[in-house]
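First up is the structure itself, then whatever we jot down about it.
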Protein chains: 2
Amino acid sequence: MTGRKASLSPREAKRVRTRQRLTEAALRLMSERGINGTSVSEIATEAELANGTFYLYFKDKSEIVAAVCQAVTLAMHNEMDSRRLSLEEGSARVAFGTQQFIEIAAAEPTWGRLLMSAFTEFEAIKDDISRYMRLDVALGVEQGCFTESVDEFVIDTLLAILRAGIEARLGGAKAEVGARAAEYHLRVLGMSAADAHRVRLATDKVVESQASR
Amino acid sequence: MTGRKASLSPREAKRVRTRQRLTEAALRLMSERGINGTSVSEIATEAELANGTFYLYFKDKSEIVAAVCQAVTLAMHNEMDSRRLSLEEGSARVAFGTQQFIEIAAAEPTWGRLLMSAFTEFEAIKDDISRYMRLDVALGVEQGCFTESVDEFVIDTLLAILRAGIEARLGGAKAEVGARAAEYHLRVLGMSAADAHRVRLATDKVVESQASR
DNA sequence: TCTCATAATGGGGCATCTCTCATTTTAGAG
DNA sequence: CTCTAAAATGAGAGATGCCCCATTATGAGA
């Protein structure tokens, strides 16, 4: 499924490679200087291409922004998926997902910083990020773990907490903030502080098994 | 204390008036188009002044941004103060303050929208906004209402929820989101959903007495 | 009424950014 | 090796924005 390269003509292969050079350059720069703080010509230069070449691969700047953000959220979700689905309770999935997401953003700061920039400069990214969250929350509600029902405002609140967690972590805060953000999620969803703590603790062994992979 | 005008020479009075015209124009435009989306020449034009006049009153753009943000946060705090201080419990103050703040932002959307823009384009505003919040939270911790201790991350989380509340409200959500944001604050601080609800309900009569002023 | 410090003007220098296009370079196909 | 389509180039048009400054207008006080 991954090895499509064989079926590409040399011409197509080159096109794909150049496009990827641009996307990777854009990710590097945008995560450092922010999305709006990065110009098209900087991206081209970083990719060792001329200014105009950019426009043979992307209609305009917004198109590469969307591509980069999508690539990053996809990469982050891939980094999580398998482990989360082994948990049966919605509450555990929420706690685990939140903590994982923050930890991945911290371990891969290029991704994390891009997310931070995208939160303010490419709002559409929220939909991608919240996609997995909605399912876990809905599951928890269905199972009766949470008293809060799922609506836009609850999701926005959880996203806001997630964002604060990533930001703190990138700013040098200890890994503990990931765990706290996870418990805050559960509390907002209606669980008591004690229950939230217990559920989150239970996910820790899964987290540790990942750390030692 | 307000009537300082009498002691101003005509020249000084004119200077003050012109400066205020600029600040008000800036507030109008920035709340509509965002801080970064508003240019100095647009501000000058809106204030019916020439481009260069701006620089007789502000060193640069960032100076008027700071002035406008400070003016708005001050105005909002003034709109709240008296009522909040009549509450004795930290938890009640937090709930009341949060709900009030969101309601004021919704009632005065020019202020609210400026805040939204400032959250992303003038980060220093967070310090001003959180100043009152820190005191209320600290009081609640001291009284044992909250299990969570006060640190930067908790404050950032509360700010993030506040922001989500204002944004939702400005986006047309019902007043209910203010109350929910208030309860989320209490839950994050460690109160059970039931206690949070009770405390927040108790503040409602104060809120209503204000609505009918 | 006249003077001159202060207020206001607005054109433009300089920097930056997006996107275009006429031209050159590259490399696969025959 | 040659031909040619695709890839890449990079100068620059067109916009916009910040800020400066030489110049003009105003109005308070003598």
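So that the names make sense, note that chain A is the first sequence line, chain B the second, and so on, each numbered from 1.
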Rounded distance in Å - CD1 (B:Ile43) to C1' (D:dG17)
12 Å

A:Ile64 CD1 to C:dT18 P, in whole Å, measures 11 Å

Protein-nucleotide distance (B:Ile35, atom CD1; D:dC18, atom P), rounded to Å
13 Å

Where the side chain of A:Gln100 meets the backbone of A:Met80, is there a donor-acceptor pair that is under 3.5 Å apart?
no

Between B:Thr98 and the options B:His185, B:Arg200, B:Glu103, the side chain to side chain donor-acceptor pair (under 3.5 Å) test singles out B:His185

Whether the side chain of B:Arg19 engages the backbone of B:Tyr57 through a donor-acceptor N/O pair (distance < 3.5 Å, no angle test) should be reported.
yes

Show each protein N/O and nucleotides 7-14 of chain C N/O combination with a separation under 3.5 Å, one pair to a line.
| residue | atom | partner | partner atom | Å |
| --- | --- | --- | --- | --- |
| C:dA8 | OP1 | B:Thr18 | OG1 | 3.1 |
| C:dA8 | OP2 | B:Tyr57 | OH | 2.2 |
| C:dT9 | OP2 | B:Ala50 | N | 2.6 |
| C:dT9 | OP2 | B:Thr53 | OG1 | 2.7 |
| C:dG10 | N7 | B:Gly52 | N | 3.2 |

Starting at atom CG of B:Asn36, determine the distance to atom P of C:dC17, rounded to an integer number of angstrom.
14 Å

It should be established whether A:Tyr55 places a side-chain nitrogen or oxygen under 4.0 Å from OP1 or OP2 of nucleotide C:dC19.
yes

Tell me: CG of B:Leu29 to C1' of D:dG17, nearest whole Å?
15 Å

Are a donor atom and an acceptor atom from the side chains of A:Thr38 and A:Glu42 found within less than 3.5 Å of each other?
no

Around atom CD of A:Gln70, are there more than 12 heavy atoms of other residues, nucleotides or ligands at under 6.0 Å?
no

For A:Glu42 and C:dC19, give me the distance from atom CD to atom C1', rounded to whole Å.
16 Å

Parallel, tilted or perpendicular, judged at 30° and 60°: which one describes the rings of A:Tyr132 and A:Phe101?
parallel

